[in-house]
Structures are given as structure tokens and as C-alpha cells.
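These notes are about the structure you will find just below.
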Amino acid sequence: MWIGLQRISWSAAILTALTGFALGAQTSSAEAYMERGDYRHAVEALDAQIRKDPAGDPEVYLMLAISLLNLDDKNGALEAAERGISQFPKSERLSSYYVSLVPAVVDSEEAEKRVGRALARNADSAVLKKSLGKALLARKAEDARTEGLLASAATAMPRDAEALYLYGKWACLHQKETLCASELAKSLAVTPPDNYAALVLVNGLLAVAQDRLGDANAADAAFAHAVSGYEKLDSPVPDVPYQYVKFLVNRGDVKKARQVNEEILKRNPSFAAAHLEQAKFLFHERHERAAIEESQLALKFAGDAAEARAVHIFLVKAYGAAGLASEARVHQGWVDANP
């Protein structure tokens, strides 16, 4: 959703964009190697610079980590970033790169420990607070530290869309709907208009919060914005649009629900839930045979037993309505055998 770790080709412009500072003269030799893509010699030059003056400049450690990552040495890159943070615990530039690197190298539990240790050295770092809060939210949302970490990060970084989203998500998970809606609205205000994946996710959660607050029109509008982003994605994830389909069905707007569902089927043709929803639309229009065919597609693409069971239950009903009792019994048998 938001930009994470990636192998990058070096340039001074890229470093400035990533970290907000320009290169110093002491790194010019390594810079020249990196500009040519010669990361092995860049590592040698940077290692020599660090041996000569380990507390000289945080950008040396950042350049070393980037060079090692381009050599596919993720562990070495992580070690270089951690050496840099130990020397420069207040460097938000190093911290920002470090938190993108950690989850790409170690598992989530170990990443949480490492970021926690870094935060202990720099308790005021909003970047590290956001990272640790994000890890806790994913692994153990009830952890008492999560709220304080994410609230502090959101306050300290009012232009960071992800920090605001994470705090809003925490609020939503804890039924603090007004706070959730407020933080998500702030996140949307600073999310780049071409970050469609983020717009889908944030608008989808905002719609849920607005619905829980009893504002169905605001929820509808948020869902519609989410679908607009979904339609622009090259690799769309259908979960939020499908939530919109269910929302519209509950509101009684079947026509619009079917339009959104058909868009999902067009963009995600192997999404079982949308095929089952389409089958239900057809069934209510008394097109039982067509509903059965659509259900068979849902069964084909079902991802787990629970999803398959929902399709079998519907097929019992659909075959029964079509007067095909023996076929209905087959599916009832499957349901009975899979409680």
C-alpha cells in the first residue's frame, strides 16, 4: 500500500529523495561506484570510511545498507543499518530506511524486538513508534502499548498518511468509531491521489466506521471512492468492493449492488464470493439454472471449506427450486458431512 523496501539503483537524487539530505564530499568515491552500479567496490569504500571514522556521518551507513541490499545481502544490509543506528540513534533518516528493511529480513516477532530495541535508544522517534505500533497492531492488537505508540506517531507526523491510517485502524478495531473516522479522513487528505491501493483500503475502512456511526450516505460515498480506486489498480484486491456489495444489498439497492459485483467478476474472475453473490441475484430473478451454473463457478474457486460450504448450502436451495431433487440431495449430503 505504502512504499516499502526495494532494491534501487543508486543516484544522488534518489538518496536526497529518500532521506532529505545531500551527499557529503567524504562519500564521493563510494558514490561514483554506486552511480555505475558497482556496489561491491562501493561496499569496500564505505567499509574503509567507517573503519576510519565510525562516528563521522550517518549517510555512510545508509549508503552501505543500500549497496549491500543491491548485492542481495539482506542480512548485511540490516547489520549495516543497525550499526548506523547505534552510532546515530537520533537519525530519522536511518530509522526510516531501517524500518523498511527489518520486516524484509527477519520474521515479524524478531522485527518487533529489533525495532523495540532501536526505539529504546531513541524514545522520541516518531518513525520507530509508527513501526513498532504497526507491528503490534498486526500481531497483538490488544497490546497496551499500541494506542500510545500510534497516537504519538500520528500526532508527530500529520502529513504521514500511513501513520494516520494505522491510528484510525486501531480506533476502529476498538469501536472508537468517531476517532477512527477522523483519523482516516486525515489520512485520505494527505494520501497521493495515484496511490490507488491505499485509497481503496482507507476508504473501505472509513465506510465501515461511517456505517457503524449510522451515516449510511457517508458510508456509501466512502465505498464508492474505494471502488473508484479499485477500478484503477493493475492487480486489484476485491475484498473492499465486495464489502460494498453486501452493504448495498443490506440497504436494498440490489441494482447498484449487482453493478459493483459484475465489476468484481470482470476484474477478479476467480473470486468465489462474487460468483456466489451473482448466483443469488439470478436466483431471486427466478433464473434457477443460471444461478446453478454461477454457483458451480463459485464452488470451483472456493478457497476454503467454509466458503465451499456456503456454496453447497445455496446449491441445495437452487437445485430444489429447479426441481432437481437428486442433485439437491448430493449437496445436502456434503453439507451434512461437513458441519
Side-chain angles (χ1 to χ4, degrees), residues 1-3 99 112 115 119 123-233 236-253 256-257 260 273:
M1 184 177 72
W2 281 276
I3 295 173
V99 298
E112 180 186 313
V115 174
L119 182 59
D124 296 327
S125 171
V127 169
L128 294 172
K129 287 178 181 178
K130 182 183 85 168
S131 180
L132 182 56
K134 181 179 181 179
L136 292 173
L137 190 64
R139 290 189 63 245
K140 39 190 174 183
E142 298 304 319
D143 191 296
R145 296 171 291 170
T146 309
E147 177 183 9
L149 288 166
L150 294 178
S152 180
T155 299
M157 298 188 289
R159 302 293 300 172
D160 188 306
E162 186 181 25
L164 297 164
Y165 163 75
L166 290 169
Y167 187 33
K169 182 178 180 180
W170 175 88
C172 205
L173 289 173
H174 290 79
Q175 290 78 52
K176 298 178 183 293
E177 312 300 350
T178 301
L179 176 62
C180 175
S182 173
E183 293 303 307
L184 294 176
K186 293 177 187 176
S187 177
L188 286 171
V190 294
T191 298
D194 59 350
N195 190 343
Y196 304 122
L199 293 173
V200 171
L201 194 61
V202 181
N203 274 299
L205 190 55
L206 177 59
V208 172
Q210 296 288 13
D211 191 30
R212 289 176 181 171
L213 288 168
D215 192 340
N217 290 331
D220 193 311
F223 269 131
H225 285 306
V227 170
S228 178
Y230 165 79
E231 291 172 345
K232 296 179 177 68
L233 286 169
V237 176
D239 300 62
V240 171
Y242 180 67
Q243 286 182 321
Y244 189 27
V245 171
K246 302 301 288 185
F247 169 83
L248 291 168
V249 168
N250 289 337
R251 287 192 80 185
D253 193 346
K256 190 172 181 180
V260 176

Write down the atom of [X], the atom of [Y], and the distance for their closest heavy-atom approach.
| X | Y | value |
| --- | --- | --- |
| Ser187 | Val202 | OG-CG2, 4.1 Å |
| Leu164 | Pro158 | CD1-O, 3.5 Å |
| Ala163 | Ala154 | O-CB, 4.0 Å |
| Ala181 | Leu213 | CB-CD1, 4.2 Å |
| Asn203 | Ala222 | CB-O, 3.3 Å |
| Ala126 | Ala153 | O-CB, 3.8 Å |

Taking side chain to side chain donor-acceptor pair (under 3.5 Å) as the test, write out the residues that go with Thr146, two or more places apart.
none

[Y] and [X], any side-chain heavy atoms less than 4.5 Å apart:
| X | Y | value |
| --- | --- | --- |
| Leu205 | Tyr165 | yes |
| Leu119 | Lys129 | yes |
| Tyr230 | Val240 | no |
| Val237 | Val200 | no |
| Leu188 | Leu199 | yes |

Supply the atom-to-atom distance [X] [atom1] to [Y] [atom2], rounded to the nearest 0.5 angstrom.
| X | Y | atom1 | atom2 | value |
| --- | --- | --- | --- | --- |
| Leu206 | Cys180 | CG | SG | 7.0 Å |
| Leu132 | Leu137 | CG | CG | 11.0 Å |
| Gln210 | Phe223 | CD | CZ | 11.0 Å |
| Leu233 | Asn195 | CG | CG | 9.0 Å |
| Glu147 | Leu173 | CD | CG | 12.5 Å |

How would you list all residue pairs meeting salt bridge (charged side-chain N to carboxylate O under 4.0 Å, His left out) that involve [range], not counting sequence neighbours?
| range | value |
| --- | --- |
| residues 197-212 | Glu177-Arg212 |
| residues 193-202 | none |
| residues 178-190 | Glu183-Lys186 |
| residues 241-250 | Lys246-Glu277 |

Could you list the residues that satisfy side-chain contact (heavy atoms from CB on, under 4.5 Å) with [X], not counting sequence neighbours?
| X | result |
| --- | --- |
| Ala216 | Phe247, Arg251 |
| Lys134 | Glu162, Leu166 |
| Val99 | Val127, Leu128, Ser131 |
| Ala189 | none |

Those residues at least two apart in sequence (or on a different chain) that pass salt bridge (charged side-chain N to carboxylate O under 4.0 Å, His left out) with Asp143 are Arg145

According to salt bridge (charged side-chain N to carboxylate O under 4.0 Å, His left out), who are the partners of Lys256, at least two apart in sequence or on a separate chain?
Asp220

Can a donor-acceptor pair be found, under 3.5 Å and without considering hydrogens, that links the side chain of Ser152 to the backbone of Gly148?
no

Please confirm whether the backbone N or O of Thr178 pairs with a side-chain atom of Ser182, one donor and one acceptor, at under 3.5 Å?
no

Show me the pairs that pass ring pair (Phe, Tyr, Trp, His ring centres under 6.0 Å) and involve residues 172-210, at least two apart or across chains.
Trp170-His174

Side chain to side chain contact (heavy atoms under 4.5 Å, CB included), that's the test. Do Leu149 and Lys130 meet it? Break it down for me.
CA-CA 6 Å; Leu149 288 166; Lys130 182 183 85 168; over 6 Å; no

Could you tell me whether the side chains of Ser228 and Lys232 share a donor-acceptor contact shorter than 3.5 Å?
yes

